[in-house]
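Below: the structure, in structure tokens.
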Amino acid sequence: MRGKRSSSFFRSACLAVGLAVAAAACGGGDDDTSEADEADTTAVGAGGSAPSVDPASGNTAPPDAEYDLGATFTVGMTTLGNTLDPVETPTELVLFRIMSMVYDRLFTIGPTGELKGMLVKDWESSADGLRLTLTLRDDVSFRDGTPLDASVVKANLDRTRQAEGPVVPPRLEPIKAVNVVDKFVVEVVLSDSTPAIPYALAETAGFMMHPELIKSGDPSKEANGSGPYVLKEFTPGERVVVTRDADNYWQRDAAKFARMQFEEILDANALANAMKGGQIDLAQFFPKELPQVENEPGLKVVPFPIGISVDVVLNPDVAPLDDIRVRQAINHAIDRDAITEALYPGSEPKWSDRRSGQPAYNEALEEAYPYDPERAKELLAEAGHPDGIDLGEMLVSASAPAGTDAVVQEQLAQAGISVETVTTDSIEIFSIWAEGKHSVELTFASSGIEAGVGLQQRWERPVLNPAGVTPEYRKMYEAAADSSLSEEERNARYEDLQAYVVEQAWSAPIVWTTYGWTMPENVVGLDPAVSDYSNTIGAWDFRGVGKLAE
Amino acid sequence: MLRFIGKRLLALIPMLILLTIVVFALVEVTPGDPARIIAGPDATEEAVEDIRHELDLDQPLHERYVSYVGDLVRFDLGTSLTSDEPVSELIARRLPRTATLSAFALLVSVVLSVPLGVLAALRRNRLADRLVTGASVALMAIPGFVLAAVLVAFFSLGGPRWFPPTGYAELGDGLGEWLRHATLPAIAIATIPLAELTRQARGSLVDVLEEDYIRTARAKGLSQRLVIGKHAMKNAAVPYLTILGLNAGRIVGTIVIVEQIFNIRGFGLLGVEAVLSRDIPTLQGTVLVGGLIVMVMNLAVDVSHGYLNPNARTS
């Protein structure tokens with residue numbers, strides 16, 4: 001049974017999710033074969049104006065709000081990374097937050113997960129799904145007057161897809177060629193009919209830099225974009241400063257600060273102190289860290305329920321997990337509600353690969369495996385293990401929140417399942433898990449920016465699922481990831497696919513995390529109901545955020 | 001004296017060789033495969049092998065050591081695996097912050113410990129002595145990181161909010177700004193050295209004041225100021241300097257934690273970052289330079305011993 005949560009934080013989270021769902025219901029998704037609808041175009045074209053007014057959302061400014069346009073805005077982050085190059089970065093989540101202030105991108109993702117054009121005005125997929133035609137805005141240029149046209153897009157996409165990089169270039173692997181059709185029309189030729197490419201171009205892979213920077217500059221240390229800010233200072237691993245240098249930016253209200261500073265503060269306590277001491281204006285806190293800043297006078301917390309989770313991952317190739325009943329027993333043995341309340345206050349128990357509020361969320365899978373240690377024991381007995389099982393070492397990611405492994409270990413023990421926890425480096429754990437020798441792992445997982453991409457990344461990469469997928473899964477996935485289908489049709493099939501994964505019990509998902517973004521009371525515009533990427537990655541794009549004038 | 005200094009410098013050579021061996025061995029004893037970690041989760045075996053080759057990890061151990069020492073002789077500490085910057089440049093950027101902060105903390109310790117120790121020694125077994133001794137014992141029991149948290153709570157987040165809770169200003173930003181940022185971390189670093197040095201100053205002076213030559217000096221009618229300042233202090237300084245040297249070395253360790261608490265992007269935090277990101281060249285560079293600093297400080301203590309006590313030059 002789901003526990004009762006009474007904190008205002010959780011209520012806010014629910015409100016945010018509810019608003020996101022409502023917005024999705026009202027807004028609708030894009031049509032893969034059609035031009036972006038007028039509403040989308042308007043939303044993008046006016047995307048720079050202050051986020052649409054929604055008094056219920058809690059952190060959106062009224063339309064007549066006056067901003068302190070001369071303000072400096074300082075963001076505290078626990079890591080900044082050491083490169084500015086989108087291609088090189090191993091930490092895309094971090095780089096995007098900073099460099100999306102400097103670079104415009106081709107697409108963006110709305111607060112409810114819908115794909116929207118940014119530099120792309122219209123887009124169209126061919127009937128066979130192998131050609132994607134992008135029509136660009138014609139009013140965007142770099143600071144030296146160079147227009148951001150089709151040749152610039154080709155230069156950028158070619159650079160990214162042909163580069164060697166750990167995270168971003170592989171996303172563009174399905175691109176076979178990029179052709180300039182017209183001054184503002186680009187054709188992207190794909191090797192298969194994946195609908196994932198526009199979504200990839202809403203991430204760092206879609207950043208557009210000046211062709212001169214590509215040709216003769218060093219994008220790891222310098223930047224030249226068409227975005228609302230210019231790079232002023234970059235000290236690797238310490239600080240990035242960007243400043244607003246013009247008032248005629250095409251997304252007219254995107255830049256509401258004269259200067260933005262991104263400061264690396266490694267330690268979570270120091271981050272909280274900097275927030276309370278007024279040294280920074282924005283920081284993200286993990287649920288258990290929030291009490292440090294939650295009730296601080298002059299500060300407010302905006303919860304972002306996002307697509308990042310903590311899961312117990314199972315390897316069906318290793319006995320006794322090759323028996324589906326054993327995997328299902330593990331799912332019944334874990335009390336998700338108790339873990340969520342104790343260790344992730346304000347977050348939500350997880351049952352499948354999509355969170356409520358995200359497209360392709362399958363509500364029927366909620367409570368798929370209610371906490372029931374007795375049922376777990378019965379399943380183990382049916383599988384021939386009446387005295388319980390020993391799963392050996394459970395790999396635990398060093399970055400997993402403290403305490404989760406001990407609670408999981410204890411809960412499994414109560415159902416007769418013993419594991420020995422082994423804390424493992426958060427990067428190296430991937431290669432150890434990929435060897436396929438371990439039966440169980442406790443780690444982070446992501447819903448992905450889109451259902452198909454998320455499912456593919458989650459289950460088809462050996463580093464996350466060494467056992468691989470079954471032919472039945474593959475068949476279902478290929479039937480869903482078909483760009484000739486409408487988004488609604490695709491999502492319906494992804495819902496079925498999740499039901500299959502849950503039934504197979506390839507993992508025992510535990511909790512969807514809700515991160516609290518903390519800021520002074522006069523900071524507005526960062527709001528799960530209106531901010532792009534809200535329900536997948538969270539607060540990722542700071543355009544439109546501002547400080548109200550006193 | 002020059003001969004003494006020369007001997008001490010020669011004695012550093014085996015220490016330096018030992019230090020390079022320890023630093024080099026860091027790659028071997030650090031858990032995990034650095035090449036695999038650098039390559040990332042999705043890297044192919046081929047990509048991992050390429051990185052291993054690039055880092056010379058596929059070479060025999062002794063060849064790698066010779067190559068490492070050869071690079072060191074050319075002042076080449078390698079290149080950071082995470083930022084692609086020369087490690088020497090990274091250290092050059094971060095070390096001055098730590099050096100100025102440590103020097104400030106050490107200065108505070110010395111400037112306060114000497115008069116307090118003298119006061120306690122001269123008022124032996126009286127109230128002032130008991131207060132100084134008691135406070136020293138109490139301060140020695142407070143770890144630097146606890147004191148740092150208390151200082152931040154009282155002086156940055158509550159009450160007068162005189163000092164910022166995090167960050168650091170360079171001396172070039174102005175003395176006032178630098179002091180505003182450096183004061184709380186320096187207090188957190190200086191507390192235990194101050195307590196130990198005060199106790200040492202008191203103890204040494206008490207011992208010296210009981211020596212025959214002090215009684216003789218007093219019998220000759222020399223003033224108290226002259227007896228203490230000229231005769232007693234010079235001899236009491238020898239053990240005091242030993243403890244000062246030990247504490248200077250200890251500060252190198254304490255500062256790692258204090259820099260983390262105050263988010264001072266100094267040399268100590270550079271080492272922490274290198275550990276967290278498995279940036280082996282940077283980790284090796286910070287350990288090597290940290291070790292060198294401790295060795296140089298010990299040398300300075302030895303030399304000052306020799307200066308203050310001629311017998312130490314021959315022993």
Side-chain angles (χ1 to χ4, degrees), chain A residues 74 76 78-85 88-91 164-167 169-170 218 220-221 234-239 263-280 292-293 296 398-399 423-434 443 457 461-464, chain B residues 30-45 47-48 50 80-85 89-90 93-94 97 145 148-149 151-153 155-158 161 163-168 181 184 257-266 269-270 272-279 282:
Chain A
T74 306
T78 50
T79 180
L80 281 187
N82 288 300
T83 177
L84 298 178
D85 191 344
E88 281 182 8
T89 184
T91 51
E164 283 187 15
V167 177
D218 181 359
S220 69
K221 294 184 174 66
F234 171 50
T235 310
E238 290 184 43
R239 172 184 290 171
E263 298 277 353
E264 182 173 289
I265 301 179
L266 279 177
D267 182 71
N269 291 322
L271 190 69
N273 287 342
M275 191 84 233
K276 290 189 279 189
Q279 290 183 297
I280 56 175
Q292 292 189 79
V293 289
E296 189 70 13
S399 59
T423 302
T424 310
D425 180 90
S426 55
I427 297 172
E428 210 176 6
I429 193 170
F430 291 106
S431 51
I432 297 173
W433 181 243
T443 191
Q457 294 281 319
R461 292 164 72 203
V463 289
L464 296 180
Chain B
T30 306
D33 177 357
R36 166 68 63 186
I37 291 166
I38 294 160
D42 288 316
T44 59
E45 267 314 309
V48 175
D50 284 348
S80 163
L81 299 179
T82 55
S83 69
D84 222 20
E85 275 184 280
E89 283 180 20
L90 270 174
R93 192 168 76 227
R94 309 280 285 259
R97 298 169 192 167
F145 68 91
L151 289 170
V152 168
F155 297 105
S156 299
L157 303 178
R161 296 198 173 209
F163 305 102
T166 64
Y168 197 65
H181 284 84
L184 293 189
I257 297 166
V258 171
E259 283 186 351
Q260 200 164 345
I261 292 171
F262 289 95
N263 195 47
I264 296 169
R265 312 317 299 257
L269 209 48
L270 180 64
V272 174
E273 291 163 31
V275 171
L276 293 177
S277 60
R278 300 295 180 85
D279 185 350
T282 306

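Side chains included, hydrogens not; waters and symmetry mates left out as well; all remaining heavy atoms used. Just so we're on the same page: letters track the sequence lines, and every chain starts at 1.
- In this structure, CD1 on A:I265 lies 12.5 Å from CD on B:Q260, to the nearest 0.5 angstrom.
- Residues A:K276 and B:P165 fail the side-chain proximity criterion, which asks for heavy atoms closer than 4.5 Å.
- Of all heavy-atom pairs between B:N263 and A:L266, the closest is OD1-N, 3.7 Å.
- Heavy-atom distances place both the backbone and the side chain of A:N273 under 4.5 Å from chain B.
- Heavy-atom distances place the backbone of B:I261, and not its side chain, under 4.5 Å from chain A.
- Annotation: maximal heavy-atom pairing with chain B below 4.5 Å, among A:T79, A:D267, A:N82, occurs at A:N82.
- Using a 4.5 Å cut-off between heavy atoms, A:E264 contacts chain B through both its backbone and its side chain.
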What do the steps show when you test A:E238 against B:R94 for salt bridge (charged side-chain N to carboxylate O under 4.0 Å, His left out), and what is the final call? CA-CA 11 Å; A:E238 290 184 43; B:R94 309 280 285 259; 3.7 Å; yes
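- The CG atom of B:D84 sits 11.0 Å away from the CG atom of A:D85 when rounded to the nearest 0.5 Å.
- With A:Q279 contributing its side chain and B:T166 its backbone, the two residues share a donor-acceptor pair below 3.5 Å.
- Between B:R93 and A:P236, the closest side-chain pair of non-hydrogen atoms falls below 4.5 Å.
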